[in-house]
2 protein chains.
Amino acid sequence: MASSKRDLVLTCARELFEREGFHATGVDRILDKAGVAKMTLYNNFGSKDQLIVEVLNQSSLLMMERIKQYALEASNDSYEQILAIFRALGEWYQDPEFCGCMFQAAVAEFPDHDSAPAQAALAHHQRLTAIFLELCQKAMLKEPEQLSRKLALLASGASCVARQAKARTPADDALNIAEILLERASK
Amino acid sequence: MASSKRDLVLTCARELFEREGFHATGVDRILDKAGVAKMTLYNNFGSKDQLIVEVLNQSSLLMMERIKQYALEASNDSYEQILAIFRALGEWYQDPEFCGCMFQAAVAEFPDHDSAPAQAALAHHQRLTAIFLELCQKAMLKEPEQLSRKLALLASGASCVARQAKARTPADDALNIAEILLERASK
DNA sequence: GAATATTTAGAACGACTTGTCTATTGTATT
DNA sequence: AATACAATAGACAAGTCGTTCTAAATATTC
């Protein structure tokens, strides 16, 4: 299969970028992990920068799918689905593989606002906000735009704190705040 | 003055680290900006890593002083002082010099949890939480520990989102949530 | 003013980086 | 079986990085 090597590189790169950062992860380490020659990487992606962008885009779509699926499995009620997303965050933070949100790392490592990684991170946050917005509207909650922005802010904050403290406490706190916000927006 | 050169390097390094990141900022760029020879840096700090740590520690203390002072100038009431801190965040994000919270960048660029920069960032977050805790206790708010954790989470989340979107909206949203939380904890 | 530190500019070093080139091996497809 | 393509290992170039060293110039102290 032609694309299997490509996907392999993509996956290995994502794991290393997550764990050790983008700049700190050399191309050679990705190659070692993937067991692939250097030219296969450069033939498929052109450059490390482009590989980073593709990893970010793939990760965002993957994460969105997982979030949506998790919400659907948790409940049929949009209100409950929103809370389920925050419970999912708690489980994510408890995962020993968890090393913080990749997109927060991307904006930190590529501070130029116009850089492709920074824009990919912005797009990711907007996608997350859009998911919340859709659920807020379905649940007939008041001021859904502002509320979805707040929920996305809570998720970002929880991920940010969890990266430092490596506990589920931030997710619990965020969930608790989300419950309060939803309750107020429902009556 | 012996320490003036040292402080100059410290300040220039902080500005460059903030704007362009730690790894992306080479030692030579710091020297150019400070107008200082290479050996003055290495005689004063020993290494770039140590310079980073000192920059982080200095920045944290500086930020804490500013926050406390801002709160004191805003009001005599602890309750109002908490809200004033979130209003200060909004002004900070509007500053054209704002490039995101330095400590969030530090944990992203030094993912190793035991690294000195990561620990400095953790200490910074704990200091911020401690300030909130003190104010919550003075204001006689319910469950001050949990509440101060939540407030710190809000501040982190707002900084995180503001770095991407570069607007005061996240600060306004965080302030709004904080108002809700304080109201609930006061009655 | 002499002696002692400090600071300077700049060369040099070794380790690392991304990316390219080449020559060889493996693998499909016809 | 033969041709076309993909992938391999590894050397290589070119550049950047942090760090050290040296020798001259400057500042500080006695």
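Here is the naming used below: chain letters follow the sequence lines, and residue numbers restart at 1 for every chain.
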For atom NZ of B:Lys68, decide whether the heavy atoms of other residues, nucleotides or ligands shown that lie under 6.0 angstrom number more than 12.
no
What is the separation between atom NZ on B:Lys5 and atom P on D:dA27, rounded to the nearest whole Å?
9 Å
The side chain of B:Lys38 lies closest to which of these nucleotides: D:dA7, D:dT20, C:dT18?
D:dT20
Round to the nearest Å and state the distance from B:Leu41 atom CG to C:dT7 atom P.
12 Å
Starting at atom CG of A:Leu16, determine the distance to atom P of C:dT18, rounded to an integer number of angstrom.
12 Å
Answer yes or no: is there a side-chain heavy-atom contact under 4.5 Å between B:Lys33 and B:Leu16?
yes
Is a side-chain donor-acceptor pair under 3.5 Å present for A:Tyr42 with A:Gln50?
no
Atom-to-atom span, CZ of B:Phe45 to P of D:dG18 - whole angstrom
15 Å
Kindly point out which of D:dA9, D:dT19, D:dT20 is positioned nearest to the side chain of B:Met39?
D:dT20
Look at the side chain of A:Thr40 and decide which nucleotide, out of C:dT18, D:dA7, D:dG18, has an atom nearest to it.
D:dA7
Closest of D:dT19, C:dT7, D:dA9 to the B:Asn43 side chain is C:dT7
To the nearest Å, give me how far apart CG (B:Asp28) and P (D:dT20) are.
14 Å
Tell me: CG of B:Asn44 to C1' of D:dT19, nearest whole Å?
16 Å
When you look at CG of B:Asn76, are more than 12 heavy atoms from neighbouring residues, nucleotides or ligands closer to it than 6.0 Å?
no
On DNA chain D, compare the nucleotides closest to B:Gly46 and A:Ala37; which residue's is nearer the 5' end?
A:Ala37
Starting at CD of B:Glu109 and ending at P of D:dC17, how long is that distance when rounded to a whole Å?
14 Å
Rounded to whole angstroms, how far apart are CG on B:Leu8 and C1' on C:dT8?
15 Å
